[in-house]
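Note that the structure is a prediction, hence the values are computed from the model and not measured. Throughout, a chain's letter reflects where its sequence line sits, starting with A, and its residues are numbered from 1.
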Amino acid sequence: MRAQCAKLSANDISHYQTVADRRILELEATRDLSRIWLHVDMDAFYAAVETLSNPSLKGKPMAVGGMSMISTANYEARRFGVRAAMPGFIACKLCPELIFVPTDFKKYTHYSELTRKVFEKYDLNFLAASLDEAYLDITEVCKERGMSGGEIAEELRKGVNEETGLTCSAGVAPNRLLAKVCSDINKPNGQFVLPNDRLAVMTFISSVPIRKIGGIGKVTEHILKDAFGINTCEEMIQKGGLLCALFSHSTAGSHCLVFFLSVGLGIGKTDTPQVRSRKSISSERTFSATDDEALLYQKLASPVGIVLAADIADMLCTDMKKEGLCGRTLTLKLKTASFGFLASLQFLLAFHLTVEDMIKVRRYAPLLMDSRRAMLCTCPTKAGSRGMTWTVDKILTSCILQEMVRSRAVTLEKYICSCEDILKHASKLLKAELPISLRLMGLRVSHFNEDKIGAPSDPTQKTLTNFIVSGDSSSHELLHYGIRDPVDSNNQRDLDVHHCTSIDNVEAEKTHEPSSNKIADKVTAKNMLGEVSQCKEAGLSLPGQIEGKSADRTNQVIMDNEAVFSSEQRDELVWVDDYKCSLCGIEMPSNFVEERQEHSDFHLAERLQKDESSIDSRTSTLRQRLFFIYAMYTYIYDQ
DNA sequence: GCGGATCAC
DNA sequence: TATGGTGATCCGC
């Protein structure tokens, strides 16, 4: 975005500034100062509830959660820097005295209900944002009782305290966006009132840091700061021209111009939306990374007879039954083990990576993670290619250490809710990903039965599969092209897996390295030093030890390899009669452009694999093989 | 409709 | 030793 900013001419900027100014005027015209909204936020809710049921915790630093993750911490613990969403073992280091209390949602739900009974007295249609937060439209109650927003807030907070013994904070403002910001100002056990006055709102919002705004998270904050120099809401307006030039004009979304400008103006929603029904239901578990297929299947569902608590499909099914839901889209979520640090280190050392290169590595990381897919897949993550500015630090953390999340979904013809159905389709989704090493799996069902209400679709219209199978279609031969119901594509998948077994050698080969690069390898200082010295032995040059082997030379080698691949092997695939693959005989019409490309890639991958093993037997220093793998991925990625 | 990404709590 | 779980939404195919 910075680059795009730089490209703008003075003319462009003044043009966009005009457009932005017009938008600002339009938005200003929509400003609604007629409502009074109140945002209530319970203070350290879970921690406070736990203290209530165990008063001996009072005054001591305490956190709700475990060694893996903390949900919330009381104010004593916060003084040490302990925060929600912090891993427990880190919190321990910050505060060795810290007391841990496991989460108990039953308790929190109970107290949440008590608070909501109080909220109801002020707004029957209040919006519950979570167990411990709610928005109330107190316009009417203020009028009826002739009280100010501040007075109502005082009374409500007192009521909550009497009812529960807990304290809360409140913000009163003309809209929800502002009310939320306000409730944070005098936290804990305090309140802040922003009057329904345009000047007051503008003065208030001008100095608010953008991160305080709901919807602006870590990433958006970083983009706005880094690319536009926007730190406060006021600057949203000042840099309106730039924002206008680079953000979409769509009317919704937290990443659109209208949203950013309204934040700058302190404009937010004032309506009471109708209660929205849920759109999906899911269950997921984190576990210690494994690539054991039986174990992975077992995480989805235990073998018959053995019921484990951590059975994802069963948990989901139970929840669905509770809510009486049936859905027809099933999504499998996967979190792969973190990208091996040692593997990354080898890349760094081998290629003297610049920042640019590191971005590439991140792009290739998913390919490296999963060599089988890498050969067929042409879609690595695009995150690194969006022109975001990356600090070296950011790259190191996200490129090397960040785990990768994927999802795979099917939409079925029938609505499902039984554990068997969920499991059947989930297993197929998982099967297509094997082999893989995972540390999390999750299942989500969406596209519920009720979704249809109000949808313009014609229930009598047949699906494509039905259309073909039922014989309405005159082109029965379509079936001969291998078009199947995706749900029933097991055979095809099996074929892929079979074809790809040879490719797994890339991965298998790694285990023959002097020290293995297995995913989720433990990284210790000792380990790392050992690895570096082994890199040396294997002929890898290290920074500062480079003679003729400069980064340029490295690039040259890669480019040479690329050139060879492109000229010789790219065109060797011939479609006989423009129809049949000369290598394996598979039939594919010429208009299946992408499918054909993928098919060629597959044969290419096969070929590369063979080449690599022959090189491996001839010479093969670690360095050479890294070159080879790098070039291979580069080529496939570019394809 | 799918998959990645972001966000809230 | 060790960095969660649930749900929503948006964007670009």
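In this structure, A/Lys180 reaches the sugar-phosphate backbone alone: every heavy-atom distance under 4.0 Å involves primed, P, OP1 or OP2 atoms, never a base. Among the protein residues, A/Gly214 comes within range of the sugar-phosphate backbone only, with heavy atoms under 4.0 Å from sugar or phosphate atoms but none that close to a base. Residue A/Thr329 is classed as a sugar-phosphate contact, given heavy-atom separations below 4.0 Å to backbone atoms only. At the heavy-atom level, A/Ser288 lies nowhere under 4.0 Å from the strands shown. A/Leu330 comes within 4.0 angstrom of nothing in the nucleic acid, heavy atoms only. Residue A/Ile281 is classed as a sugar-phosphate contact, given heavy-atom separations below 4.0 Å to backbone atoms only.
Close placement of the A/Phe247 and A/Phe228 rings is indicated, their centers lying within 6.0 Å of each other. Less than 6.0 angstrom separates the ring centroid of A/Tyr46 from the ring centroid of A/Phe105.
For A/Ser68 and C/dT3, the shortest distance from a side-chain N or O to OP1 or OP2 is not below 4.0 Å. Put simply, A/Arg444 has no side-chain N or O that comes within less than 4.0 Å of OP1 or OP2 on C/dG5. An OP1 or OP2 oxygen of B/dA5 is reached within less than 4.0 angstrom by no side-chain nitrogen or oxygen of A/Arg406. A/Ser71 has no side-chain polar atom (N or O) that falls below the 4.0 Å cut-off from OP1 or OP2 of B/dC9. Phosphate contact (OP1/OP2 of C/dA8, side-chain N/O of A/Ser280, threshold under 4.0 Å): present. Dashed line: the shortest gap from a side-chain N or O of A/Ser282 to OP1 or OP2 of C/dG7 is under 4.0 Å. For the pair A/Arg439 and C/dG4, the criterion of a side-chain N or O lying under 4.0 Å from OP1 or OP2 is met. A close approach under 4.0 Å does occur between a side-chain nitrogen or oxygen of A/Thr411 and OP1 or OP2 of B/dC2.
In this structure, A/Ile213 places its CD1 atom 17 Å from C1' of B/dT6, rounding to the nearest Å. What separates CE of A/Met320 from P of C/dT6 is a distance of 14 Å, to the nearest Å. Rounded to an integer number of Å, the gap from A/Met69 CE to C/dG5 P is 9 Å. Rounding to whole angstrom units, CG of residue A/Leu334 and P of B/dG3 are separated by 10 Å. B/dC2 atom P lies 9 Å from atom NE2 of A/His447, rounded to whole Å. Rounded to whole angstrom, the span from the CE atom of A/Met86 across to the C1' atom of C/dG5 amounts to 19 Å. A/Arg278 has its CZ atom 21 Å from the P atom of B/dA8, to the nearest Å. Look at CD on A/Glu133: it is 7 Å from C1' on B/dC9, rounded to the nearest Å.
Look at the C1' atom in both C/dG4 and B/dC7: the space between them is 15 Å, to the nearest Å.
Looking at A/Asp43, its side chain does come within 3.5 Å of a backbone N or O of A/Asn189 through a donor-acceptor pair. The backbone N or O of A/Thr232 sits less than 3.5 Å from a side-chain atom of A/Glu235, completing a donor-acceptor pair.
Considering only side-chain atoms of A/Lys279, the nucleotide from C/dA2, C/dT9, B/dC7 that sits closest is C/dT9. Of the candidates B/dT6, C/dT6, B/dC9, the closest approach to any side-chain atom of A/Asp132 belongs to B/dC9. Counting only heavy atoms from C-beta on, A/Ser283 has its side chain closest to C/dT6 among C/dT6, C/dG5, B/dG3.
Relative to the ring axis of A/Phe119, A/Arg116 does not place its NZ or CZ within 45° and under 6.0 Å from the centre.
For the pair A/Lys322/A/Ile281, no side-chain contact is recorded, criterion being any heavy-atom separation below 4.5 Å from C-beta on.
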